[in-house]
Protein chains: 2
Amino acid sequence: MSQRVTILDVAADADVSIASVSAALNGRPGVSKDTRARIIQSAERLGWVPSVRGRGLSGKRSYALGLVLARQPEVIESDPFFAGFIAGVEGELQSRGYALVLQLAGRNEGPDRYRQLHLDHRVDGVFITDMSVDDPRVALVTELGLPAVAINSGPGCAITSVRQDQNAGFGELVRRVVELGHRDIAHVAGRRGMIHTRQRIDVWRSTLHAAGIRPGSLVYGDFSTESGSRAADRLLSGPGPAPTAVVCANDLMAIGFIARASSLGYDVPRDVSVTGFDGIHLGRYIRPALTTVVTSPRELGAEAAKTLLKLVDGQAVADLDIAPTHLLERDSLLAPMR
Amino acid sequence: MSQRVTILDVAADADVSIASVSAALNGRPGVSKDTRARIIQSAERLGWVPSVRGRGLSGKRSYALGLVLARQPEVIESDPFFAGFIAGVEGELQSRGYALVLQLAGRNEGPDRYRQLHLDHRVDGVFITDMSVDDPRVALVTELGLPAVAINSGPGCAITSVRQDQNAGFGELVRRVVELGHRDIAHVAGRRGMIHTRQRIDVWRSTLHAAGIRPGSLVYGDFSTESGSRAADRLLSGPGPAPTAVVCANDLMAIGFIARASSLGYDVPRDVSVTGFDGIHLGRYIRPALTTVVTSPRELGAEAAKTLLKLVDGQAVADLDIAPTHLLERDSLLAPMR
DNA sequence: CTGAAAGCGCTTACAG
DNA sequence: CTGAAAGCGCTTACAG
């Protein structure tokens, strides 16, 4: 439709060379104040926006950052992390002319996708979320020399990391459960191999040990609501006595657990207390309202973006910790009745 | 890190010109079978992947499609459409070397974002979702000459559209409510000005009229859980009699409504039946399990992507309708007790 | 069937 | 302070 306006048009209009236009618009030195003003005026009048394509080819950048999500669509659907994180990232990228390239990958496809994004020169850097123990993506980006930021990685991760401490909040939660008088406290863990699955199990165990209580049953789920429901089957319909409290590794599993527990005739929280982790919005609206630990995906996204942008610019960057998670008590946690 | 391998390296390795390499790798004619095979072998051995940057500059394409979501992060967080739609889009793009550029925008920021994506030459086409009546983005993309596909647009939309009929499913739902004996049926509508808000109100009204029933109260929400909760306040704690059934324009509002209704002392569905729309995964896990209409965001995304890709290629494309939504009855809908 | 060359829209040394 | 020119990595007429 509209004829494409290029740097040549602006240069002609302002009666300078394209080099001056480029320098002026990018705030580089070597242009007099007057010339710069004239150029900017021309650019604005012509409505010129540097083409990210031309700029990219020449500057060896793509001005885009990549995020590959390797989760089941069902979990992404209801998981707060996804939208919040992206919103945080976006807020930082937009003003700097960067775009976010998003991909959804199947299990284990993740590394290939990152490699492809790099080979294509599609992105200048990537975010790595949902980290597993010995995550292969860490070695990959290192090998490729691809700038990357790891989100909530384990201690000593080889690449730059942005984290929100989740252990303190989760420990606080477990201590609160103990404080209320529970002595048989089960844990519904996340997917095996994930770093935060591991961390939550450790915190659950050590907090109980510290309180002189023997950890209750441990059941693995996969963070989906469905797996929380299955965990309820295993913990509540077995031969042994049911736990009085069940701390779940995320809110979705807690919701699934509560639903199934109710179907099995349990009254939550009178018969069994159930807690989640994440602080999803819906937790406030289910019955009973969910006691959980509130995380900050949006802030994590914003800080991760800032950090990655610096890395792409070649700046040295230190790991960053944002304010820790905190306990949010609602109705699903109560002192034990028996 | 690794030295960048370009088309020149492949040409040298295969002992041909770069033009032949380009032709061979893109499946264009003008290369003998032998030469093509040799070139492909060289490319593979060297691990060459055409740079999307060089290709984009030359081919006047960016090999990316844009999606701007102008919703409250809170709604995106729990809305199934988002993740499902993106998953569907992604499935189609990946094999064709296209990427998805995702942006989150504030209210009314949408058009500017689309314009910017186009000026930057960042994308070759865009998806337009969450359409409002007289959506300004329709005129914008037309003016820009930017290929675009509208999702669930109204009839007679000026740009190519991919739709899933929602009226049939919603009408079926309302008829079912009537059939169970309800006579005072309220509607919690979505955000004013949205096309599907309008459509659902019309279907609710016309279906009741056809059954000889006067439509009950109409309350506007904004698709958020919170607004569903507020709607419950208005419909259930007023002076007049409460409706015996409330059909909500989406699942999140229904969940909010149910939560608040319970707090107000109502038993759902015995005192009041509540239904949703969308078919989000969690609907199965709330108490009572939600009666709703199931939509197919993933399929919508896949078809929208195929359509947009064709448009970008300059092909003529007709509007497309995927299989319609359908009613899913669960526990939140019951015959009226009074 | 194959190659030399121009061009896409920028940035970046390098001269002046 | 300013400009002419090369180069980024491809695609695409155009010759041969």
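Hydrogens, waters and symmetry mates are skipped; everything else that's a heavy atom, side chains included, is used. All values derive from a computational prediction rather than experimental measurement. Letters go in sequence order (proteins before strands), and every chain restarts at 1.
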Could you state the interatomic distance from CG (B:L300) to CG (B:N152), rounded to the nearest 0.5 Å?
5.0 Å

In this structure, how many angstroms lie between the C1' atom of D:dC10 and the CG atom of A:L119, rounded?
16 Å

Is a donor-acceptor pair below 3.5 Å formed from side chain B:S58 to base C:dG7, judging by atom type as modelled?
yes

Examine D:dT11: is either OP1 or OP2 under 4.0 Å from a nitrogen or oxygen in the side chain of B:S22? Give yes or no.
yes

Whole-Å gap separating P (D:dC10) and CG (B:L25)
10 Å

Quick one: pull up CG in B:L320 and OG1 in B:T307 and give me the separation to the nearest 0.5 Å.
5.5 Å

Quick check for you: to the nearest 0.5 Å, what is the distance between B:L309 atom CG and B:E92 atom CD?
8.0 Å

Of all heavy-atom pairs between A:D13 and A:S42, which one has the smallest distance, and what is that distance?
OD2-OG, 2.6 Å

Length of the line joining B:I18:CD1 and D:dA13:P, which is rounded to integer Å
15 Å

Measure the distance from CZ on A:R36 to P on D:dT2 and round it to the nearest whole Å.
10 Å

Could you check how far CG of B:N26 sits from C1' of D:dA13, rounded to whole Å?
15 Å

For C:dT2, take OP1 and OP2 only and decide whether either is under 4.0 Å from a side-chain N or O of B:T35.
yes

Any base atoms under 4.0 Å from A:V21, or only sugar-phosphate, or nothing? Heavy atoms, all strands.
nothing

Member of A:V312, A:V317, A:V126, A:D124 meeting the side-chain contact (heavy atoms from CB on, under 4.5 Å) criterion with A:P147
A:V312

Could you run down the sub-3.5 Å N/O contacts of the protein with nucleotides 14-16 of chain D?
none

Residue from B:L69, B:V68, B:L65 passing side-chain contact (heavy atoms from CB on, under 4.5 Å) with B:L102
B:L69

Judged by atom type as modelled, is there a donor-acceptor pair below 3.5 Å linking the side chain of B:R163 to the main-chain atoms of B:G154?
yes

A:I86 side, atom CD1; A:F81 side, atom CZ - distance, nearest 0.5 Å:
9.5 Å

Without swapping roles, check the side chain of B:R137 against the backbone of B:T129 for a donor-acceptor pair under 3.5 Å.
yes

What is the distance, to the nearest angstrom, from the CD1 atom on B:I7 to the P atom on C:dG7?
18 Å

Secondary-structure notation, DNA chain D, from Watson-Crick and G-U pairs under 3.5 angstrom (| other strand):
|||.||||||||.|||

Check each residue of residues 44-57 of chain B for a non-hydrogen atom within less than 4.0 Å of any atom in DNA chain C, then write out the ones that pass by number, or none.
B:L57

Between A:D15 (CG) and D:dC1 (P), how many Å, whole number?
18 Å

Walk me through whether B:S22 and B:R28 qualify under side chain to side chain donor-acceptor pair (under 3.5 Å).
CA-CA 8 Å; B:S22 174; B:R28 265 186 277 115; 2.8 Å; yes

Students often get this wrong, so: under 4.0 angstrom with heavy atoms, is B:L8 touching a base, only sugar-phosphate, or nothing?
nothing

Donor-acceptor pair, distance only, cut-off 3.5 Å: does the side chain of A:S161 make one with the backbone of A:I159?
yes

Is any side-chain N or O of B:S17 closer than 4.0 Å to OP1 or OP2 of C:dT2?
no

Would the distance check show the side chain of B:S17 and the main-chain N or O of B:A19 forming a donor-acceptor pair, the cut-off being under 3.5 Å?
yes

Which whole-number value in Å describes the distance from A:H121 NE2 to D:dG9 P?
8 Å

